[in-house]
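Contents: one structure, followed by commentary.
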There are 2 protein chains.
Amino acid sequence: MADGPTINTIAERAGVSIASVSRVLNGLPTRQDTVRKVMAAADELGYVRNAVARSLKSRRTHQVAFAMADVGNPAYLAMLREIQPVLKAAGYRLVLHSTDAVVADEIDVLHSLGERYVDGLIMSPLRVTEAHLEMLAAARAPVVIIGSVPEGTRVDNVRADSRTGVKLAIDHLHELGRRRIGMINGPLDTVPGAARGAAYREALGDLGLPYDEDLVQIGDFYRAEGARAVGELLARVPDVDALMCANDLIALGALDVLRAAGRRVPDDVAVVGMDDTDLAAASWPSLTSVSLGSAERGKAAAELLLDRLQGGDREPRVVTVPPRLVIRASTRQEEGSPA
Amino acid sequence: MADGPTINTIAERAGVSIASVSRVLNGLPTRQDTVRKVMAAADELGYVRNAVARSLKSRRTHQVAFAMADVGNPAYLAMLREIQPVLKAAGYRLVLHSTDAVVADEIDVLHSLGERYVDGLIMSPLRVTEAHLEMLAAARAPVVIIGSVPEGTRVDNVRADSRTGVKLAIDHLHELGRRRIGMINGPLDTVPGAARGAAYREALGDLGLPYDEDLVQIGDFYRAEGARAVGELLARVPDVDALMCANDLIALGALDVLRAAGRRVPDDVAVVGMDDTDLAAASWPSLTSVSLGSAERGKAAAELLLDRLQGGDREPRVVTVPPRLVIRASTRQEEGSPA
DNA sequence: GGCCACACCGTAAACGTTTACAGGGCGGGG
DNA sequence: CCCCGCCCTGTAAACGTTTACGGTGTGGCC
């Protein structure tokens with residue numbers, strides 16, 4: 001692992017100047033003879049261009065950062081899965097940050113843009129604070145935010161539409177004849193929690209159904225918490241005939257509890273999840289789920305960023321990805337429930 | 001987004017030389033007065049050190065690459081989830097490559113180490129070819145391989161032990177009284193496929209059970225393929241009372257088919273998966289699965305790499321992570337099957 | 001044969017740091 | 001009072017590229 005060859009080494013061996021070497025390596029017009037000599041020397045030495053030195057001179061690193069809240073969350077994973085190939089195809093490497101949704105970590109990432117080790121950043125914060133907005137305004141490289149950002153923030157922005165998403169699910173349940181539709185939500189002080197809770201109420205209103213506080217139970221976005229919440233709801237409102245769950249993990253918890261309580265899904269209680277993660281297809285009965293388009297949002301974000309990296313200045317853009325209801329066994333009555 | 005401040009800007013404003021600025025920023029002994037002036041100037045200008053220039057000089061990028069076969073695969077994801085925090089704690093950034101298990105892409109990644117944009121690499125190739133070994137020998141930065149590598153290859157190496165893993169599962173099924181244990185495997189020309197197939201045969205032998213070719217069915221490592229394979233096996237050997245599946249996706253397919261065929265799990269047929277992914281816990285009945293320690297392997301790999309980055313030369317090390325059988329409802333008779 | 005144009009090439013500066021080296025100022029000791 | 005030594009600081013080189021600029025050589029044309 002001795003010091004690798006540089007253009008100086010090549011220049012010496014080929015008997016030309018480093019400028020010529022550089023020109024050949026970059027395909028600039030050069031005499032055929034020189035090209036041959038340089039190429040030969042480079043091959044023999046196993047030369048590889050030093051990316052760091054190139055970046056320093058060109059002020060481009062060909063790296064893009066993606067800051068996700070949680071490496072373990074399948075929704076972010078779906079984004080990553082789309083972002084990666086888009087960047088790769090455009091010749092960018094992907095630097096991955098996991099912020100664990102800690103605000104200080106996210107601010108850190110924004111701050112570190114000043115180090116210029118990446119050309120741009122895609123970030124998906126769980127909540128957007130004042131500090132975020134300040135750092136965004138002062139960011140030293142283009143940023144794309146996945147998630148909603150206050151109106152007027154000058155930043156490219158890709159959003160989901162969980163309001164419409166919840167409405168799709170409630171309408172679906174209503175069409176199936178369900179009238180006592182419960183809602184199992186996550187904490188109301190998170191952006192998704194607040195949005196989904198409000199959307200639930202609104203969707204009921206649109207259908208002329210009454211909003212019944214007893215039908216709403218707050219837990220957290222995990223399976224065990226979801227199960228607990230569903231247990232409480234069932235005890236309080238035994239005649240519930242459908243459950244709108246604020247994400248797939250909660251819905252899995254709901255299935256656990258319903259099974260234990262001897263309620264058939266979907267015959268007795270229909271269940272809808274949210275995010276349409278891999279788990280929705282894996283569970284039994286498979287889970288009807290509202291896709292918020294994680295994959296599409298990832299792709300859109302990557303494309304927005306690339307566009308800005310190549311295009312330069314333009315007005316910030318907002319892309320909204322429409323939700324989609326993926327109907328599976330947990331609401332599809334005719335295909336029955338397990339045994 | 002005008003050009004950010006450099007140490008030159010600071011030097012001017014503080015009325016000192018760039019060397020002093022650098023010394024202050026690096027905490028080298030300096031007069032208090034100078035420190036104050038420099039710090040003040042740096043603060044006012046919102047200075048952030050340029051990582052690229054630092055790297056060029058110091059020959060260290062504080063970045064490490066992780067090349068995974070497939071961003072979508074939960075087993076790799078589990079590795080990533082462990083690798084990330086270890087690296088972060090040590091002050092390294094993570095550059096993510098997805099090679100889609102294409103050999104050319106993997107070679108590419110190894111080659112690109114010459115660009116010196118990372119200090120080291122963790123790689124998990126699905127199969128190891130001659131080309132891999134050549135590139136590994138010539139690699140310009142430390143590499144850790146997750147997966148098995150031929151004896152004598154001079155490279156840090158973290159391995160799973162799927163042989164023992166399969167044995168654990170077969171022994172478990174045997175203890176439950178199962179004697180007609182089928183095997184649903186992936187392609188035999190992959191490293192895992194070959195290893196697991198051989199281990200199955202061996203484990204049966206250890207128990208004095210006959211090896212019956214009819215009990216083995218080859219498919220692929222996906223749910224639909226697994227389901228198809230199980231269907232064929234069931235048709236051929238109706239008296240099968242347990243299924244050893246070469247990964248969790250295959251096992252999920254098996255559950256689908258068994259349910260459709262009216263076989264109760266585990267009462268009629270017990271099912272074991274492999275990799276212990278999130279899906280195993282999500283399915284119903286939840287899936288007994290052999291954990292090959294993806295998380296532990298990721299962690300071990302990261303630690304090996306860090307050790308080499310800090311320690312320098314030492315003999316290559318091989319770490320083998322022991323498998324663990326995670327028993328869930330798909331084999332745990334007493335807890336019953338769905339309704 | 002001389003001059004011009006052009007194609008090619010080499011020298012050197014620049015990107016933003018870190019760091020070896022040497023110089024300046026000051027205090028203390030002889 | 002002088003000299004030595006030490007602490008601090010500045011100058012400059014280096015990391016490995018890219019690229020502006022000027023120089024050299026060749027060929028063509030008058």
Side-chain angles (χ1 to χ4, degrees), chain A residues 1-39 41-42 45-63 112-119 140-141, chain B residues 1-39 41-42 45-63 112-119 140-141:
Chain A
M1 240 174 277
D3 272 14
T6 71
I7 52 172
N8 282 288
T9 333
I10 298 185
E12 260 178 59
R13 179 182 271 244
V16 298
S17 77
I18 61 167
S20 287
V21 175
S22 176
R23 274 187 289 258
V24 170
L25 295 175
N26 289 321
L28 297 174
T30 315
R31 208 167 28 150
Q32 270 314 306
D33 185 40
T34 315
V35 173
R36 236 182 340 243
K37 279 191 294 185
V38 170
M39 286 310 207
L45 292 166
Y47 172 77
V48 182
R49 283 232 259 312
N50 182 308
V52 177
R54 288 193 106 193
S55 295
L56 179 58
K57 186 78 230 226
S58 66
R59 295 149 152 277
R60 285 232 153 192
T61 59
H62 294 281
Q63 295 192 151
S112 74
L113 285 182
E115 296 180 22
R116 308 212 140 277
Y117 64 96
V118 286
D119 297 339
R140 294 249 167 80
Chain B
M1 238 172 280
D3 272 15
T6 72
I7 52 171
N8 282 288
T9 332
I10 297 186
E12 259 178 61
R13 177 181 273 246
V16 299
S17 75
I18 60 168
S20 288
V21 175
S22 177
R23 275 187 289 258
V24 169
L25 294 176
N26 290 321
L28 297 175
T30 315
R31 209 166 27 148
Q32 269 314 305
D33 186 41
T34 315
V35 172
R36 240 184 335 244
K37 281 191 292 184
V38 169
M39 286 310 206
L45 292 166
Y47 172 76
V48 182
R49 285 232 258 309
N50 183 308
V52 177
R54 287 193 107 192
S55 296
L56 179 57
K57 184 77 229 215
S58 67
R59 294 150 152 278
R60 284 232 154 191
T61 60
H62 293 281
Q63 294 192 152
S112 74
L113 286 182
E115 295 180 23
R116 308 213 139 278
Y117 65 96
V118 286
D119 297 339
R140 294 249 168 81

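All values below come from the heavy atoms of this structure, side chains included, with hydrogens, waters and symmetry mates left out. In what follows, every chain begins at residue 1, and chains take the letters A, B, ... in the order their sequences are listed.
- Distances shorter than 4.0 Å separate none of the side-chain N or O atoms of B:Thr6 from OP1 or OP2 on C:dG16.
- Rounded to an integer number of Å, the gap from CG of A:Leu25 to P of D:dT19 is 13 Å.
- At least one side-chain heavy atom of B:Thr61 sits under 4.5 Å from a side-chain heavy atom of A:Val52.
- Using a 4.5 Å heavy-atom cutoff, the side chains of A:Arg54 and A:His62 are not in contact.
- The closest side-chain donor-acceptor pair between B:Arg49 and B:Asn26 falls under 3.5 angstrom.
- Here B:Tyr47 reaches the OP1 or OP2 of C:dT17: one of its side-chain N or O atoms lies under 4.0 Å away.
- Residue B:Arg59 has no polar side-chain atom (N or O) positioned under 4.0 Å from OP1 or OP2 of D:dA14.
- Nucleotide C:dG16 holds its P atom 14 Å from the CG atom of B:Leu45, rounded to whole Å.
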Taking protein heavy atoms under 4.0 Å as touching, what does nucleotides 23-28 of chain D look like 5' to 3' if B marks base contact, S marks sugar-phosphate-only contact and - marks none? ------

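- A donor atom on one side chain and an acceptor atom on the other are found under 3.5 Å apart for A:Tyr117 and A:Ser112.
- For B:Ser20 and D:dG10, the shortest distance from a side-chain N or O to OP1 or OP2 is below 4.0 Å.
- Spacing between atom CG of A:Leu56 and atom C1' of D:dC15 amounts to 9 Å, rounded to whole angstrom units.
- In this structure, the nucleotide among D:dG10, D:dT17, C:dT17 sitting nearest to the side chain of B:Ile7 is C:dT17.
- In this structure, the CD1 atom of A:Ile18 is 12 Å from the P atom of D:dC15, given to the nearest Å.
- For the pair B:Leu28 CG and C:dT19 P, the computed distance is 8 Å after rounding to whole Å.
- Atoms CZ (A:Arg54) and P (D:dC15) sit 19 Å apart, rounded to a whole Å.
- Dashed line: the shortest gap from a side-chain N or O of B:Ser22 to OP1 or OP2 of C:dT18 is under 4.0 Å.
- At the heavy-atom level, B:Thr30 lies under 4.0 Å from the strands shown only through sugar-phosphate atoms.
- When the C1' atom of D:dT17 is taken as reference, atom CZ of B:Arg116 falls 15 Å away, rounded to whole Å.
- The shortest distance between the side-chain N/O atoms of B:Asn26 and the OP1/OP2 oxygens of C:dT18 is below 4.0 Å.
- Taking side-chain N and O atoms only, A:Arg23 has no distance below 4.0 Å to OP1 or OP2 of C:dG10.
- Taking CG of A:Leu45 as the reference point, atom CD1 of A:Ile10 lies at 6.0 Å (rounded to 0.5 Å).
- Residue A:Thr34 has its side chain nearest to C:dC8 when only C:dC8, D:dT18, C:dG16 are considered.
- No engagement by B:Val52 is indicated, since no non-hydrogen atom pair under 4.0 Å with the nucleic acid exists.
- Donor-acceptor pairing under 3.5 Å, judged by distance alone, is present between the side chain of B:Lys57 and the base of C:dT18.
- Distance alone, capped at 3.5 Å, places no donor-acceptor pair between the A:Ser22 side chain and the A:Ala19 backbone.
- Candidate nucleotides D:dG10, D:dT18, C:dT18 were compared by shortest atom distance to the side chain of B:Arg49, and C:dT18 ranks first.
- When all heavy atoms are compared, the tightest approach of A:Val48 to B:Gly114 is CG1-C, 3.7 Å.
- In this structure, A:Gln32 places its CD atom 15 Å from C1' of C:dC9, rounding to the nearest Å.
- Put simply, the side chain of B:Arg116 never gets that close to the backbone of A:Ala53: no donor and acceptor are under 3.5 Å apart.
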